[in-house]
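What follows is a single structure, written as structure tokens, with notes after it.
In the text below, chain A, chain B and the rest are named by the order of the sequence lines, each starting its count at 1.
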Amino acid sequence: MRDVLSPFTAWKHLFREPVTVLDPLNDRPGADRYRGFHQNDLEKCIGCGTCEVICQNAAIDMVPVSDPEDGDSGLRPMIDYGRCCWCALCVDVCMTGSLTMSNDYVWADANPDVFRFTPGVDPKPWNEEEKGYQRPGARVLASTERVHMGERTAKDRIDNFEEIVAGYTREEAMIEADRCVECGLCVATCPAHMDIPDYIKAIREQDYDKGLQLLYQTNPFSEVCGRVCTHNCETACAARHDGDPIAIRWLKRHITDEVPYERYVDLIGKPEAATGRKVAIVGSGPAGLTTAYDLARMGHKVVVYEARKSPGGMPRYGIPEYRLPYDMLDRDIDVIRAMGVEIVCNTRIGEDITMETLRADNDAVVLSIGLHLGRSTRIPGAESPDVDTAVPLLRKITDGEEVPVPEKLVVIGGGNVAMDIARSMARLQQVKHGKVGVTVTALESFDHFLADADEVRESREEGIEIFDARGPQEIVTFKSGKRKGRVKGLRTWLCDSIFDDQGRFNPHYDESDELVHPADMVIEAIGQAADVSILGKDLTEALEWTRGRIRVDVDGQTSEPWLWSAGDCVNGPDVVHAVADGHRVAQSINAMLAAKEEAAT
Amino acid sequence: MRALYDRLKDRFQLGELTRQRPDLGFVTVGRDHLRALLVELKDVEGFTHLVLFTAVDWLEDGQFQLTYLLNNRATAQDLGVRLMIPREGASMDTIHDLWPTAETYQRELYEMFGIDFPGSPRVDEDFILEGWTDLPPNRRDFDTKEYSEATFAERAGRESHDPRDHMKQKLYPDGE
């Protein structure tokens, strides 16, 4: 019976969708995940060249397609189909997921040269094809997760200024270094153009001596930058597109941690023979000391004048010790001293010695005085004795001078300096009162916050309250009684936009959303200025200025032929930028001195 | 699959059963029990079809992993039998008498990994790599890139750019 009926049961398949291809001579689609001809999403591709490196047939060349910019080389992969074996390793390793394969596999042409093409750039019928091989999920050939950095808990750190970040162990650093694909996109973004891929490679090869030598080729402030650099390199890192960027800053610090300090000077090598030329530098921050380091290594005699008790500039007097221990800063400075640089502290230009004297006694003078004056909001009440600016307060804390520590205070500002003073004061409060009472009011909303995300997170962990998008209107003071004139709080309005249509700073407030933050003290951390009063009247008038800053050319030279200026006072605050600036100025001065030498002979 | 494993594990001293899917599992076995296990699976348990026979090079461990993938048509199940053999002088017992198709897989493994199967027909004849004299190319110590660079002519007009050097040249040629 079954044998009789079974032929008819096959009829049920009649209306099923056929699994065969209707017109196999003309229509021959590849399988859905077929590894066919390459596609490249040009918007996603960053030209890191990792596809070229992994290709086992050397089929890929990186060719210029657009102008390079931060984090994008402008190069794109060109593939030689005379060599490609369609193994898809290039797709698997792709750092952004831009490189994929269509399921198209039919391409006939009499001219063999057409089979070298740039996917995504050259118009091809398969450019928009959805089917084909794509990497399943995130990339797996290079790990996407950053090795966690150990740090002390908020409870352990709130009553002291000990360093928070632990630093990587060798094992951790090796794993983190192993995530780097050595594309080098970061080098252009680093202001000092540090040799990042090679020093990370030195960690991988456990050759720390070489790592340190690479650091010192471009940066004599590696202890400092390994801790507090703005690490823009990490925003250009290829790894960030599909995971965490490489912890470049922590790896730099790891190298300095691993090399015994006694070996530093030997590894860097001796300066060149003395030239007899003399250069004076005003200010011993990263810009001034980098200039000094470079010039001393070139054989010139350098004396650095510092107004404060100790050298270091902002890294010492602006950055709290829990971020940058002073003995680490001293290590950087002592290496610079070992190159023959003389640093004269407690010497203020304009009082102890004048610019004119420096000019007369030296072949060149460098002004690297940083931004050490705090700016005021000048809102009503700002003249109260309970109102201070952040930078002078931070300096007093560094020098161990007494500062007022009320139970409740408000910080105005949303940048890293605001976080530094807020967190420093919180520590002093914890010691004095056993509790933290700090409120930060920032003009920016959290979407456009100025301070680093880590700073915000750590501040909150330490019990600091942060209000975003608050515009300060008035520092409220007691109008009568025993505390007349003393601070009572800060009145703020909601700030709904900071810039106007032309992009000018012109905050707009919502007056209906008003808050009064109670406080016994208000600290303004809204920006800094250079103390240019040291220049004297004649020099101030002789120099050319641009928007309140001394005008310098690309080499850092001012309008006076004997005077250069470097660092924050001309470029705004950024430590690694200051280092880069120092190199530039040293090169320029050296070229001037060489020209002088030539003219003399 | 679990019942099958329980029936066989003690007799053939199988390692743990890894169930990749309900209809796909893997077991490990020692070399002494391999042939007996394959015969049992084929003649008694219904795994009559050799789907594939392949190897993985565990270079760092100095071993090759062999995988015999068998299929039971009646139950629509696949079972992979795995074992490790030393990489040095790699050699394995032939199974071409159990499945004639094994002859082809064994020729491939001989050519691509250098694993010998003494007694297997034509095992040392060229398979697809005619005139190959280098290391077997699927061994991980074979440097594909070095080989292709040494063997194949460079096409004229090719030029590549290092991203880092290219950016320096375009963005800060004077090192600034």
Side-chain angles (χ1 to χ4, degrees), chain A residues 46-50 52-64 67-78 80-83 85 87 89 112-113 115-116 181-193 195-198 218 236 238 554-556 580-581 583-584 587-588, chain B residues 20-21 24 51-52 54-60 73-74 76 108 111-114 127-176:
Chain A
I46 52 172
C48 65
T50 311
E52 179 188 11
V53 175
I54 203 167
C55 179
Q56 294 300 296
N57 299 310
I60 298 181
D61 294 323
M62 298 303 292
V63 298
D67 289 332
E69 53 186 79
D70 276 345
D72 178 2
S73 71
L75 302 169
R76 296 293 179 263
M78 179 186 235
D80 183 351
Y81 273 179
R83 279 175 170 260
C85 71
C87 69
L89 273 177
D113 286 332
F115 295 106
R116 263 185 84 215
V181 293
E182 290 177 33
C183 64
L185 292 186
C186 47
V187 179
T189 301
C190 173
H193 305 307
D195 199 348
I196 297 163
D198 288 344
T218 45
V554 287
D555 294 324
D581 228 21
H583 291 311
R584 209 167 9 240
Q587 282 296 340
S588 173
Chain B
Q20 196 123 327
R21 293 196 308 258
L24 172 65
V51 182
L52 60 83
T54 190
V56 175
D57 183 359
W58 292 88
L59 178 65
E60 291 80 1
R73 288 186 206 280
E108 185 188 36
E111 188 168 81
M112 301 304 283
F113 287 90
F127 181 56
I128 52 169
L129 304 174
E130 291 168 30
W132 187 264
T133 55
D134 214 306
L135 269 182
N138 269 4
R139 288 195 175 217
R140 281 179 48 226
D141 45 355
F142 174 76
D143 190 329
T144 313
K145 191 165 185 181
E146 192 178 284
Y147 177 86
S148 55
E149 275 165 359
T151 310
F152 303 117
E154 198 64 54
R155 193 200 284 258
R158 279 188 57 174
E159 188 196 2
S160 193
H161 300 74
D162 176 61
R164 174 180 172 173
D165 295 341
H166 178 71
M167 290 175 89
K168 179 174 195 298
Q169 198 190 338
K170 292 281 175 194
L171 297 173
Y172 55 106
D174 306 324
E176 282 167 8

Mind ranking A/Ala192, A/Cys55, A/Ala58 by heavy-atom pairs under 4.5 Å with chain B and telling me who comes out on top? A/Ala58
Heavy-atom distance under 4.5 Å to chain B: side chain of A/Asn57, backbone, both or neither? both
Any side-chain heavy-atom pair from A/Asp61 and B/Glu159 closer than 4.5 angstrom? no
Closest heavy-atom pair and its distance - A/Val53, B/Lys145: O-NZ, 3.7 Å
Say whether, by atom type as modelled, one donor and one acceptor occur between the side chain of B/Ser160 and the main chain of A/Ile60 under 3.5 angstrom. no
Which atoms of A/Ala238 are under 4.5 Å from chain B, going by heavy atoms: the side chain, the backbone, both sets, or neither? neither
Greatest number of heavy atom pairs closer than 4.5 Å to chain B - which of A/Gly47, A/Ala59, A/Gly49: A/Ala59
Within a strict 4.5 Å, meaning less than it, do heavy atoms of the A/Arg116 and B/Arg158 side chains meet? yes
Would you mind checking which part of A/Asp67 comes under 4.5 Å of any heavy atom in chain B, side chain (CB onward), backbone (N, CA, C, O), both or neither? neither
Out of A/Ile46, A/Val187, A/Leu185, which residue meets the side chain to side chain contact (heavy atoms under 4.5 Å, CB included) rule with B/Pro163? A/Leu185
Closest contact, heavy atoms only, A/Arg83 versus B/Phe152: NH2-O, 3.6 Å
Among A/Pro197, A/Cys48, A/Ser73, exactly one meets side chain to side chain contact (heavy atoms under 4.5 Å, CB included) together with B/Arg164. Which residue is that? A/Pro197
Using non-hydrogen atoms and a 4.5 Å limit, figure out which bit of A/Asp581 sits close to chain B: side chain, backbone, both or neither. neither
Could you look at A/Ala188 and say if it's the side chain, the backbone, both or neither that has a heavy atom under 4.5 Å from chain B? both
With only heavy atoms counted, which part of B/Arg155 is less than 4.5 Å from chain A, the side chain, the backbone, both or neither? side chain
To check you understand the geometry: which heavy-atom pair defines the closest contact between A/Glu69 and B/Met167, and what is its length? O-CE, 3.3 Å
Whether over 12 other heavy atoms sit under 6.0 Å from B/Trp58 CH2: no
